[in-house]
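Below is one structure; the comments refer to it alone.
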Amino acid sequence: MSKAPDLVKRLLLGRALRSAQEHEQLLPKRIALPVFASDALSSVAYAPQEILIALGVAGLAAYRFTPWVAAAVVVILLVVVASYRQNVRAYTSGGGDFEVATENLGGNWGVLVASALMVDYVMTVAVSVSSAVENLGAFVHILAEHKVLTAIVIVVVLTILNLRGLKESGIAFAVPTYLFMLGILCMMVWGFTRLAFGAHLKTETAGFQVHGGATGIAGFALVFLLLRAFASGCAALTGVEAISNGVPAFKKPKGRNAAGTLLMLGILAATMFGGITALAYITGAKFADPSQGSHLIDPATGRDVSRGQDPIVAQVAHTVFSNFPPLFGYVTVMTALVLILAANTAYNGFPVLGSVLAQNRYLPRQLRTRGDRLAFSNGIIILATMAGLLIYVYNADVTKLIQLYIVGVFISFTVSQVGMVRHWNRLLRTRPEPSARRGMQRSRAINAFGAVVTGVVFVVVLVTKFTHGAYIVCIAMPILFLLMKGIRRHYDRVARELEVSGEDVRLPARNHAIVLVSKIHKPTLRALAYARATRPSTLEAITVSVDAQDARQLQETWDSLELPVPLKILDSPYREITRPVLEYVKGVRRRSPRDVVTVFIPEYVVGRWWEHLLHNQSALRLKGRLLFQPGVMVTSVPWQLASSDRLKGRHEQVVRRPYVGHSGEEEIPAGGGIVTDHD
């Protein structure tokens, strides 16, 4: 590899893969589970904590509702998993909720779902990485002091890993995700075993007091508080939809493998979330956030210790493994690591969704193409950039970020399930077989129940979180919606303009060729010869006079060489080059509207970056203006300088051949980047 940027690219991303190797990047279920489900699995690290923060607003007495709120979250999680198992069996192309909504409810609903999912994928990366830094800070305290920088560095590393390709990133993420699951399950088993044998397990915060800003609430206020705690706990459901968007990455049979992965996800996530919440409740773990109206007070000193408290998972692990501290370190580090890797769910879902949207002309076409490693590189980079900005703006604060979370996900949940009900209704009208109809009716009932449940949860989430930051998502989603509709209108308009009609196949009446000249040298002579070789109807050379003496000398040299092309000098009293050329070309077009004008621009090619800085690039500006003129074609005629040959490790390899319309031979070195001749 001869160029430094290419060398760095290969070191970071690995060798390029052929398109035929795409099947080698498909994932078996054992790899797909950690790749696509790590978001939902890792949410057990912050979802129980968010429930305690919400309940803490009403003081310590409200903590008694923790088991009931957690149980409601588990029920919703299992309902959503059961519903999405029907989705992935029916739609395996990777469009997920967008495809379901578009096909069954119409394009506008599909764009709405897509805008919700795109916002939620960005939030997934921001929340997961910020929570990872928070958990890691409980074990390595210096990281907590630089959490924004640490979080952004983690995002950069994740981006590089995903740019290397899906299979490699999946293998890299599988081991730590399984180690995390093992650590949490071991903590649950060991904790409940110690409790069963009479151990008195209490966390360090068990004796602390929680002071909220709304103590002693009852009636409607209490109901609203419980709903808000439930909405915060529903963060445990995020990531379920990623599997429906990532079905193409599964090995065949794709639908069945994706459904099996979803089942494993549901069982594991429900078990881990319920177990951690139960242990936190039994051991008296507490967590407060002053920005949400609750404070953690040490009764011995009366001091507010809210700012330095450890995450709930770290508190529970420290208590359960008090008789064996190394396991506390293991659980804490694995929790932080899996939270980092949970962002990979979005890295796999967002680019695939972006590609599907680009194929449907709702996003720029660049998002549908794969990079060297067969990953959707542009989508990955956009996701990383947006998540990094959110982390910076919100100072990597999980509680602040999570207020923007899950609104979009429940929109997509609800719309998708309604779309699936219509999907089954349509199929039932065409399938008379009793056995097939029974299966479809069962799937329709599951999706209908899921639509009702997720619709209710969406209303709860929107109402309880609106003033705490969800309003930002309610602004961002319509903006994205309008942006994607605008992109679609642009592509549709371009397609209509480019449709072939009978008149488009007719030849132009004549071709008027114009060669731009700044001075007489080899690039100019090559451009003249090439223009003559194209056999235009008329051919002339033009130059712009910014200095009268230089123009006279050019005319004299031109006449002395007896070049068989007339030279026309355009006057420019204000020393402009672009405007006189444009006006002249427009004049030729006005005189002959059915003709075309071809402008030949001599350019030369250099190989060193600094050589570009030594030329004024006027030809590039002129080409940019000419491209907007109808009926005008622009042809670049390059002349390669010797420095351009360095890209091949040679300094002076010369090929000689006769010059068209000119005596003698020419030297044509090979190579590099184009700079203007008009200096």
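These values consider heavy atoms only, across backbone and side chains, with no hydrogens, waters or symmetry-generated copies. Values in this document were obtained by computation on a predicted structure and should not be read as measured data.
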Is it true that a side-chain atom of [X] and a backbone atom of [Y] form a donor plus acceptor pair closer than 3.5 Å?
{"X": "Trp639", "Y": "Thr524", "value": "no"}
{"X": "Arg361", "Y": "His490", "value": "no"}
{"X": "Arg589", "Y": "Pro630", "value": "yes"}

Might you confirm whether atom [atom1] of [X] has over 12 heavy atoms from other residues, nucleotides or ligands at distances under 6.0 Å?
{"X": "Trp109", "atom1": "CH2", "answer": "no"}
{"X": "Tyr491", "atom1": "OH", "answer": "yes"}
{"X": "Arg579", "atom1": "CZ", "answer": "no"}
{"X": "Arg422", "atom1": "CZ", "answer": "no"}

On a heavy-atom basis, which atom in Val119 and which in Met477 lie closest, and how many Å separate them?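 Shortest heavy-atom separation between Val119 and Met477 comes out as CG2-CG, 4.2 Å.
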So which atom in Val415 and which in Ala101 form the shortest heavy-atom distance, rounded to 0.1 Å?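 Minimum heavy-atom separation between Val415 and Ala101: CG1-CB, 3.8 Å.
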Tell me yes or no: between the side chains of Ser416 and Asn87, is some donor less than 3.5 Å from an acceptor? yes
Using side-chain heavy atoms (C-beta onward) and a distance below 4.5 Å, is His512 in contact with Arg591?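 The answer is no, as the side chains (C-beta and beyond) never meet within the 4.5 Å cut-off.
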Would you mind reporting whether Leu539 and Thr534 have side-chain heavy atoms less than 4.5 Å apart? no
Once you round to the nearest 0.5 Å, how far does CD1 of Ile382 lie from CG of Leu367?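 It comes to 4.5 Å.
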Glu540: side-chain hydrogen bond (donor to acceptor under 3.5 Å, both in side chains) partners, not counting sequence neighbours: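 side-chain hydrogen bond (donor to acceptor under 3.5 Å, both in side chains) list for Glu540, sorted by chain: Tyr584.
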